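Each chain gets a letter, A, B and so on, in the order the sequences are listed, and its residues count up from 1. Quantities reported herein were computed from a predicted structural model and do not represent experimental measurements. Side-chain atoms are counted along with the backbone in the values below, which use heavy atoms only and exclude waters and symmetry mates.
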Amino acid sequence: MKSKRVLMQGNEACVEGAIAAGMRFYAGYPITPSTEIAERCALRLPEVGGRFIQMEDELASMAAVLGASTAGVKAMTATSGPGFSLKQENIGYGCLAEIPCVIVDVQRSGPSTGLPTSPSQGDYMQARWGTHGDHPVIALSPSSVRETYRLIIRAFNLSEKYRTPVIFLMDEIVGHMREGVALPAPRDLIINKRHISYHDGANKQCYAVPEGEFVPAMKPFGQGERYNITGLAHDVSGFPTNNTDIAGALYTRLMEKIDRNLDDIVRVEEYKLDDADTAVVCFGGTARAVMSAVLEARAAGMKVGMFRPITVWPFPAAHLRARLPGLKRILMVEHNYGQMLLEVQRVAAERVPVGFLGRWDGTVIPPEDILQKLREMEGSAHAE
Amino acid sequence: MRYEMRFSGSGGQGVILASVIVAEAAVAAGLEAVQSQSYGPEARGGMCKAETVLSREQIWFSKVTKPDFLLALTQQSLDKYAQVLADRAVVMIDDGLTVPQGLDKKQVLALPILATARDKVGKLMTANIVAVGAVNRALGLFDEQALREGVRRHIPAGTEELNWKALDEGAALVTEQQAAAFARSLD
């Protein structure tokens, strides 16, 4: 059963989805174009027994989120590019200490303060490599208000399942867009609860991974059991170690818990690719113009389809590789100078030529430009 | 059919809210609607535009490239956005503005939107609601109930009567002949 259709903004759907997923703590520092997320959390969390706190800055916000999650509460923060940069050190702490949480980045244009109200997808690589050292990353990117609601729930689910920060990579296009949506009924949603372990006897092995699992179960801080959490490499007791065998095993497990579960983590949308000779690759809000262009191209008899990573990190390499044999060309369309392009080129290698249509001036790529680029690519192929 | 609407003016005039209300009314009326906006970093002043796309079918591209309808409440926004319009576009402006050269006056509906808000409704800040009432009457988009539902969801409780008055005064600015000439069907 679906509820009545309402007009909702992407940022609002992000909050409603997060609350449906069980988020009950939000700490943040407002920044355009993510501010509506903080505003709605401030309004809604007290209504559902949760807590909202505006911290003094983004560093503290991220620290508060880690603390809340450690205490047993599903926690979220939201920001845009400049704030995302500030959160990176503590995101790394979350990766190493295996603290589940969701970080929303509603991307805007430019490095530094840039064009605060203009769309961009320039944080794609920051989402992967923003914090230092080898570390696991899951990043999801929605392309509609409806998808924002469902996908933020998945962000929380993956975060809990793999005990890792999950980046929810929105952009100004989707964050500030309003659409009519009918929210799904709560019973139609799958919500992962946290794996909690209260008792491990005298061993205090809070980071011991049970047989057949990828991650240790969590012990909520403040509920009876004392244990140690650190950003240093640690053994199963949670205490620091300089033993490189133990540290190496830990780092490897952190990477493998993601790398070995790609089937579970990676999702893509593939539209009309079965008979396509051209795939347009895009993610997030860019998909709106791409879908319009693909439909127009099809109407004009061109065999064009869309390949849209929903899980943008890890990049869906296997899915794209499986499509290569049928393709004559790929067009990457994104609102940056060429970031996901690098991943697509890596996968396509020399087998399929990859064209690029990017924009980084704060304006939106219209469907006409994509169509024109598709025609150019097809035309130059015929000329050869 | 895809119907593209652009609302423009100065930051603080409420043109974003006007476009949100039209989108809200569209959803209440069972249509597809996508709304978005662009503005500068300033909270007040600065050019501001908001966009609503209406259709009976799913809307993919969310932005307006060739508006079928333009509302302009400042000269600066009129001069800028009147340059790119769809064929037969309707341009609604405050009657204190000068119609730029190159814009066919037959397309233009110049109405005393700001003066009506200030003098008849009694609050200049209702200009956006006056405009929404006029837009709906001129284009014949939604029934009264859907439009009021759109407004109701975005106004503070206790201001209903003021806003209904603004809607009615806005609608009254459009003559029957004008409404007949500018009516648009989404089919």
Asker: If you count heavy atoms of other groups shown closer than 6.0 angstrom to CD of B:Q101, is the number above 12?
Answerer: no
Asker: Where does B:S38 contact chain A at under 4.5 Å (heavy atoms): side chain, backbone, both or neither?
Answerer: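 Neither part.
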Asker: More than 12 heavy atoms of other residues, nucleotides or ligands under 6.0 Å from CZ of B:R56: is that the case?
Answerer: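 Enclosed.
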Asker: Rounded to the nearest 0.5 Å, what separation is found between the CD atom of B:Q58 and the OG atom of A:S144?
Answerer: 8.0 Å
Asker: Find the distance between CG (A:L7) and NE2 (B:H154) and round it off to the nearest 0.5 Å.
Answerer: 6.0 Å
Asker: Tell me the closest heavy-atom pair linking B:F61 and A:P366, and the distance in Å.
Answerer: CZ-CA, 3.7 Å
Asker: Within the side chain of B:Q37, is there an N or O that forms a donor-acceptor pair under 3.5 Å with the backbone of A:H176?
Answerer: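 Indeed, once roles are kept as given, a pair shorter than 3.5 Å links the two residues.
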Asker: Tell me if a side-chain donor or acceptor on A:R178 pairs with a main-chain N or O of B:T52 at a distance below 3.5 Å.
Answerer: no
Asker: Does some side-chain heavy atom of B:K63 sit less than 4.5 Å from a side-chain heavy atom of A:M177?
Answerer: no
Asker: Could you look at A:L295 and say if it's the side chain, the backbone, both or neither that has a heavy atom under 4.5 Å from chain B?
Answerer: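 Side chain only.
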Asker: Could you tell me whether B:M125 atom CE has more than 12 heavy atoms of other residues or ligands within 6.0 Å of it?
Answerer: no
Asker: Can you tell me which portion of B:V53 sits under 4.5 Å from chain A's heavy atoms? Options are side chain, backbone, both or neither.
Answerer: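 Neither part.
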Asker: Report, as yes or no, whether the 6.0 Å neighbourhood of atom CD on A:E47 holds more than 12 heavy atoms from other residues, nucleotides or ligands.
Answerer: yes
Asker: Should the heavy atoms of other residues, nucleotides or ligands under 6.0 Å from CD of B:Q145 be counted, would the total exceed 12?
Answerer: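 No - once you tally the heavy atoms of other residues, nucleotides and ligands closer than 6.0 Å, there are 12 at most.
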Asker: Supply the atom-to-atom distance A:M8 CE to B:E24 CD, rounded to the nearest 0.5 angstrom.
Answerer: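 These two atoms lie 10.0 Å from each other.
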Asker: Got more than 12 heavy atoms from elsewhere within 6.0 Å of CG, A:D275?
Answerer: yes
Asker: Is the number of heavy atoms from other residues, nucleotides or ligands within 6.0 Å of CZ (B:R137) greater than 12?
Answerer: no
Asker: For A:I370, is it the side chain, the backbone, both or neither that has a heavy atom under 4.5 Å from a heavy atom of chain B?
Answerer: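 Answer is neither: A:I370 stays 4.5 Å or more from chain B.
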Asker: Heavy-atom pairs under 4.5 Å with chain B: which of A:M291, A:E179, A:E172 has the most?
Answerer: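 Ranked by contacts with chain B, first place is A:M291.
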Asker: May I ask you to check whether over 12 heavy atoms, not counting those of A:Y29, lie within 6.0 Å of atom OH?
Answerer: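 No, the 6.0 Å shell around OH holds no more than 12 heavy atoms from other groups.
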Asker: In terms of heavy-atom pairs under 4.5 Å with chain B, which of A:V290, A:I173, A:T117 leads?
Answerer: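 Between A:V290, A:I173, A:T117, the count favours A:T117.
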